[in-house]
Amino acid sequence: MRRKRRKPFGSHGVFLIFQGGLLVFVLTFGMQMIREFSEGKALYQSVVSLDGLEWGEKLTAELQKIPGIRSLTPAIRIPVKLRAEDYTMEAALTGVELDELEKQVSRSREVTLGNTPVLLLGEESLGAMADGNGHTASGEKQEEFLERYGEINWQYCLAGEGEGEENWRPCLVAGTLSSPADGIYMTYSQAGILAETKETKQFLLTVRGKKNYESALGYFEGNPSLLK
């Protein structure tokens, strides 16, 4: 009985290995290209300060050199203490034109704007919440606050306001944000009333493209050599 001749691994095996390696290369290169493309098209934002810079024609001319810059709109930062049930934390409320904020809303409800501050909570903004014994709120507790945001009696007091007993006032939460996740936001108009001024040295910077954004930040952080 004739034994079947085994086909040598030879060129066919090498070809399969080559195909596999080529596929990995194409996938890796393709993912890198997609990431670079998305980073080049994405909008990036942060609140920057004009400390040391004067608003005027010179600054406007410098900003026009920044590729990808979309807008620079006023912002107000207000240091406060925030309280929910038995938990408190120090925080900063950021007042911006909400239409200018690149945001992803994860939960929301209708709240009428009036004299009571209305907030949007970033989903990672409650990490500093602590109880009366100084125990930080667990991840489960933070998630509970986010889930029950509309039922909780939220309160705030302005940082450094007066002496002695803290003056706690009510505030409302209109929703939560998955992005930006680390801040607490409110309308610019309400922030101006709360801060008792709309004069500001802080602005919400919006830039298209990651590299352009990093160059713009370099300018506002006092390193204009990064400006391209």
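What you see is a predicted model; the values in this text were computed from it and never measured.
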Worksheet item: Between the side chain of Q190 and the main-chain N/O of T116, is any donor-acceptor distance below 3.5 Å?
Response: yes

Worksheet item: Any idea which heavy atoms bring V207 and A216 closest together, and the distance?
Response: CG2-CB, 4.0 Å

Practice prompt. Hey, can you tell me if Y213 and Y44 have their rings parallel, tilted or perpendicular (30° and 60° cut-offs)?
Written response: parallel

Fill in: Carboxylate-amine/guanidinium contact K211 E214, below 4.0 Å
no

Worksheet item: Quick one: does E102's side chain have a donor or acceptor within less than 3.5 Å of a partner on P180's backbone?
Response: no

Item to complete: Kindly state whether the ring of F220 and the ring of F203 have centres lying under 6.0 angstrom apart.
Response: no

Response to the item:
Distance col, row N212:CG vs I66:CD1, nearest 0.5 angstrom, shows 9.0 Å

Worksheet item: If you draw a 6.0 Å radius around NZ in K81, do more than 12 non-hydrogen atoms from other residues or ligands fall strictly inside?
Response: no

Worksheet item: With sequence neighbours excluded, what pairs up with E124 under the salt bridge (charged side-chain N to carboxylate O under 4.0 Å, His left out) test?
Response: none

Worksheet item: Is the side chain of W154 donor-acceptor paired with the backbone N or O of V118 at a distance under 3.5 Å, no angle test?
Response: no

Fill in: Backbone of L98 reached by a side-chain donor or acceptor of Y188 within 3.5 Å
no

Item to complete: Before giving the answer on salt bridge (charged side-chain N to carboxylate O under 4.0 Å, His left out), spell out for E85 and R148 the whole-Å C-alpha distance, their side-chain angles and the decisive distance to 0.1 Å.
Response: CA-CA 12 Å; E85 298 178 349; R148 296 177 49 238; 3.2 Å; yes

Worksheet item: Is the side chain of K103 donor-acceptor paired with the backbone N or O of L177 at a distance under 3.5 Å, no angle test?
Response: no

Worksheet item: Can you get from Y87 to Y156 by hopping between Ile, Leu, Val, Met, Phe, Trp and Tyr side chains that sit under 4.5 Å apart?
Response: yes

Fill in: D131, CG: over 12 other non-hydrogen atoms inside 6.0 angstrom
yes

Practice prompt. For R107, check side-chain hydrogen bond (donor to acceptor under 3.5 Å, both in side chains) against everything at least two apart and list the hits.
Written response: E123, E143, E147, T176

Fill in: Residues which pass side-chain hydrogen bond (donor to acceptor under 3.5 Å, both in side chains) with T187, listed by chain and number, not counting sequence neighbours
S189

